[in-house]
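One structure is given here, and the rest of the page talks about it.
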Amino acid sequence: MEEYQTIRHTFEPVWDEHSEILIVGTFPSVKSRENNFYYGHPQNRFWKMLARLYHQELPQTIEEKKALVLSRHLAVWDVISQCDIIGSSDSSIRNVVASDIAGLLAKSRIHTIAANGAKAYDLYKKHQLAQTGLEAVKLPSTSPANAAWTLERLQEAWGRVLL
């Protein structure tokens, strides 16, 4: 049985001076931590969904992924900068240290927060909303665990916020 580990988020948010919508996740999965970038699990549909939504080739490298995000005036970060977690299990998250999303908002044009899934939304409300004052939009998770949502349905739901 896996045990709790205290893990610190090790990669920076993706954003620039043109970013207007911040997509927040909870905390990087084991695969994302290994890859040192967001949504690194091959079964996560985040990059496929974004590529389809914007009629782009599926990005393969970290640089291509950053370019896709920034070209659409998006930003990507996680609600949590450090926590105790078992593997990649969002439901096991405890002892949260929040990311400085309010600080990012203060130095950017970001006006919309889009939460990738219910857990990201709930953690944002609990740990960020009082500091940011900006409500988040809850979107269906791109995680493979959210199998009830097909790629087409994800694209439709996310498109209402990102397009």
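Please read these numbers as outputs of a predicted model, since none were measured by experiment.
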- Task: From the options L162, V69, I113, select the one residue that forms a side chain to side chain contact (heavy atoms under 4.5 Å, CB included) with I23.
- Result: L162
- Just wondering, more than 12 heavy atoms not from K125 lying within 6.0 Å of its NZ? no
- Message: Could you tell me if N36 and T10 have a donor-acceptor pair between their side chains, going purely by distance under 3.5 Å?
- Response: yes
- Task: State whether a side-chain donor-acceptor pair under 3.5 Å links D84 with T6.
- Result: yes
Can you measure from [atom1] ([X]) to [atom2] ([Y]) and round to the nearest 0.5 angstrom?
{"X": "Q131", "Y": "D100", "atom1": "CD", "atom2": "CG", "result": "9.0 Å"}
{"X": "W15", "Y": "L22", "atom1": "CH2", "atom2": "CG", "result": "11.0 Å"}
{"X": "I80", "Y": "I93", "atom1": "CD1", "atom2": "CD1", "result": "4.0 Å"}
{"X": "L154", "Y": "N146", "atom1": "CG", "atom2": "CG", "result": "6.5 Å"}
{"X": "I62", "Y": "N35", "atom1": "CD1", "atom2": "CG", "result": "7.0 Å"}
{"X": "R94", "Y": "Y4", "atom1": "CZ", "atom2": "OH", "result": "4.5 Å"}

Can you give me the closest heavy-atom contact between [X] and [Y], atom names plus distance?
{"X": "S88", "Y": "V30", "value": "OG-N, 2.8 Å"}
{"X": "P13", "Y": "Y38", "value": "CA-OH, 3.4 Å"}
{"X": "S99", "Y": "S81", "value": "OG-N, 3.4 Å"}
{"X": "D78", "Y": "H9", "value": "OD2-NE2, 2.8 Å"}
{"X": "A157", "Y": "W149", "value": "CB-CZ3, 3.8 Å"}
{"X": "A51", "Y": "P59", "value": "CB-CD, 4.1 Å"}

Side chains of [X] and [Y]: does their closest heavy-atom pair fall under 4.5 Å?
{"X": "R33", "Y": "F27", "value": "yes"}
{"X": "L74", "Y": "Y54", "value": "yes"}
{"X": "F37", "Y": "K66", "value": "yes"}
{"X": "K65", "Y": "W47", "value": "yes"}
{"X": "R52", "Y": "E152", "value": "yes"}

- Message: Is there a salt bridge (charged side-chain N to carboxylate O under 4.0 Å, His left out) between K31 and E34? Walk through the geometry before answering.
- Response: CA-CA 5 Å; K31 275 291 187 200; E34 287 172 3; 3.4 Å; yes
Can any side-chain N or O of [X] pair as donor or acceptor with the backbone N or O of [Y] at less than 3.5 Å?
{"X": "S19", "Y": "I110", "value": "no"}
{"X": "T112", "Y": "I21", "value": "no"}
{"X": "H73", "Y": "H18", "value": "yes"}
{"X": "T132", "Y": "L134", "value": "yes"}
{"X": "S92", "Y": "S89", "value": "yes"}
{"X": "Q128", "Y": "A98", "value": "no"}
{"X": "T142", "Y": "R45", "value": "no"}
{"X": "Q60", "Y": "L58", "value": "yes"}

- Task: Answer yes if the ring centres of Y39 and H41 are under 6.0 angstrom apart, and no otherwise.
- Result: no
- Message: Quick one, N95 with C83, criterion side-chain contact (heavy atoms from CB on, under 4.5 Å). Give me CA distance, side-chain angles, the key distance, then yes/no.
- Response: CA-CA 5 Å; N95 299 325; C83 66; 5.9 Å; no
